[in-house]
Number of protein chains: 2
Amino acid sequence: MSSLKSKILIVATDLFQTRGINSTGVDTIVAVAGTTKMTLYKYFTSKENLILEVLEKGHQDFQSWLSEKLNSNAKKPSEKLQKLFEFIEEWVTSPNFRGMGFIKASAEFPNEESPVHQLSSEQSRQFRQYISSLATEANIQDADGLALQLSLIFEGAVQAEQMKRGSGAMKYAKKAAKILIDSSLTN
Amino acid sequence: MSSLKSKILIVATDLFQTRGINSTGVDTIVAVAGTTKMTLYKYFTSKENLILEVLEKGHQDFQSWLSEKLNSNAKKPSEKLQKLFEFIEEWVTSPNFRGMGFIKASAEFPNEESPVHQLSSEQSRQFRQYISSLATEANIQDADGLALQLSLIFEGAVQAEQMKRGSGAMKYAKKAAKILIDSSLTN
DNA sequence: TCTTATATATACAGGTCTGTATATAGATTT
DNA sequence: AAATCTATATACAGACCTGTATATATAAGA
């Protein structure tokens, strides 16, 4: 990938995260990235295309980091569930954390026909599905139910931490997750 | 309050809910409400002012309905906590439910200096504070912590139900809340 | 009937934003 | 040196949106 293209992607990710997607114009993006609109539109067919690539890259980076981390640091399936929020916190508090676009994007693009809304929803669904598969491996009865509960807590906490660092949301989300997981395991 | 003004408020609430705030122009609002821009700008100084009034009315209606419901249907403080999500579900599934603006608005207006963002955040904080006061009355140790956990689950579930009716989010949110409350009460 | 208040109809100014057109500069290859 | 590829600089068309200006209609009260 071209150096300019990845520079644009990084800058766009940061600006979308801090100022919101709709309130960030392409002029601002190219100005911060130190290039011009002509170059941006060479690598991305439209602003929407840029948004989609930003979301895709963010989700891929997170998912691959997380599953690698879980696979190498936890053997038993129940262990993976337990450590899930530990690693999510590690990801969110890491210095190069650039936000988790898919959590907010569907709220900024409420129209269900919007490709951005659709991708964002799909990514949420995929993450929930991943948690559900972990729960299934851990022999939990209602795996989908637990996955739904955990993803509600997780997405809310990440969004809270994104909006206000040190809100304590992640800390209490971890505690709640532990209680819910333990409760599901003993059933 | 003028009949036209309240008509505009209702229509705006619905459109903001279904299409999003930013993607709903004032032209659309007045067209659906069967009036004109001149009238809208007589009752509201700006579109932002209209948004703020929509948010305020929604929050007030919900809060006063909820506390009245809790006060008349539950005696013991711990009962109120237990029944909280029952009533929230009743509110959300009631036929005249028009969405809960304050949950999504801060995501659609990420700029912290935006009055809409500020009001939305303040309303979230007030609701969390209300849950915390219920928890305190029920002699729960870490009332703020439980309130944070419950509001994460609640806001996520309502948003999920808003976006997709019958997603089951509310059902599992209730279950999770019960587990967390019970766990807090026995400590 | 005359006046006054309220609502309508419509046009438009002024701003923002996306995406493209045009012209130019630098660098690499042939 | 000529040609080609990549990036810059800048201007601008076209769309959309908010908020206002202007002219007209309608209804009620004095």
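In the text below, chain A, chain B and the rest are named by the order of the sequence lines, each starting its count at 1.
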Separation of [N] [atom2] from [X] [atom1] (nearest whole Å):
X	N	atom1	atom2	answer
A:Leu40	D:dT8	CG	C1'	14 Å
B:Asn22	C:dC17	CG	P	12 Å
B:Lys47	D:dT20	NZ	P	15 Å
A:Lys42	C:dA21	NZ	P	16 Å
A:Leu15	C:dC17	CG	P	13 Å
A:Asp27	C:dT20	CG	P	14 Å
B:Lys37	D:dA21	NZ	P	13 Å
A:Leu50	C:dC17	CG	P	16 Å

* Aromatic ring pairing A:Phe62/A:Phe127, orientation class (parallel under 30°, perpendicular over 60°, tilted between) -> tilted

Among [options], the nucleotide that comes nearest once only the side chain of [X] is considered:
X	options	result
A:Tyr41	C:dT8, C:dT18, D:dT20	C:dT18
A:Val26	C:dT18, D:dT10, C:dA9	C:dT18
A:Ser46	C:dT8, C:dG19, C:dT20	C:dG19

* Go through the steps for A:Asn73 and A:Lys80 under the test side-chain hydrogen bond (donor to acceptor under 3.5 Å, both in side chains), then give the verdict. => CA-CA 8 Å; A:Asn73 289 33; A:Lys80 290 186 183 174; over 6 Å; no

* Asked: Honestly, is B:Lys175 close enough over B:Phe85, meaning NZ or CZ under 6.0 Å from the six-membered ring centre and within 45° of the axis?
  ->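 Ring-cation test returns no.
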
* Asked: Do B:Glu122 and B:Gln126 meet the criterion of a side-chain donor-acceptor pair at a distance under 3.5 Å?
  ->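 Their side chains do contain a donor-acceptor pair, which is all the 3.5 Å distance test asks for.
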
* To do: Would you please say whether a donor-acceptor pair under 3.5 Å links the side chains of A:Tyr43 and A:Ser2?
  => yes

* With a 4.0 Å cut-off on heavy atoms, is B:Phe44 in touch with a base, just the backbone sugar-phosphate, or nothing at all? ->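 The residue B:Phe44 makes no contact with any strand.
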
* Look at the side-chain N and O atoms of B:Thr39 and state whether any lies under 4.0 Å from the OP1 or OP2 oxygen of C:dT6. => no

* Would you tell me if any nitrogen or oxygen in the side chain of A:Thr36 comes within less than 4.0 Å of OP1 or OP2 on D:dT10? =>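 The answer is no; no side-chain N or O of A:Thr36 sits under 4.0 Å from OP1 or OP2.
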
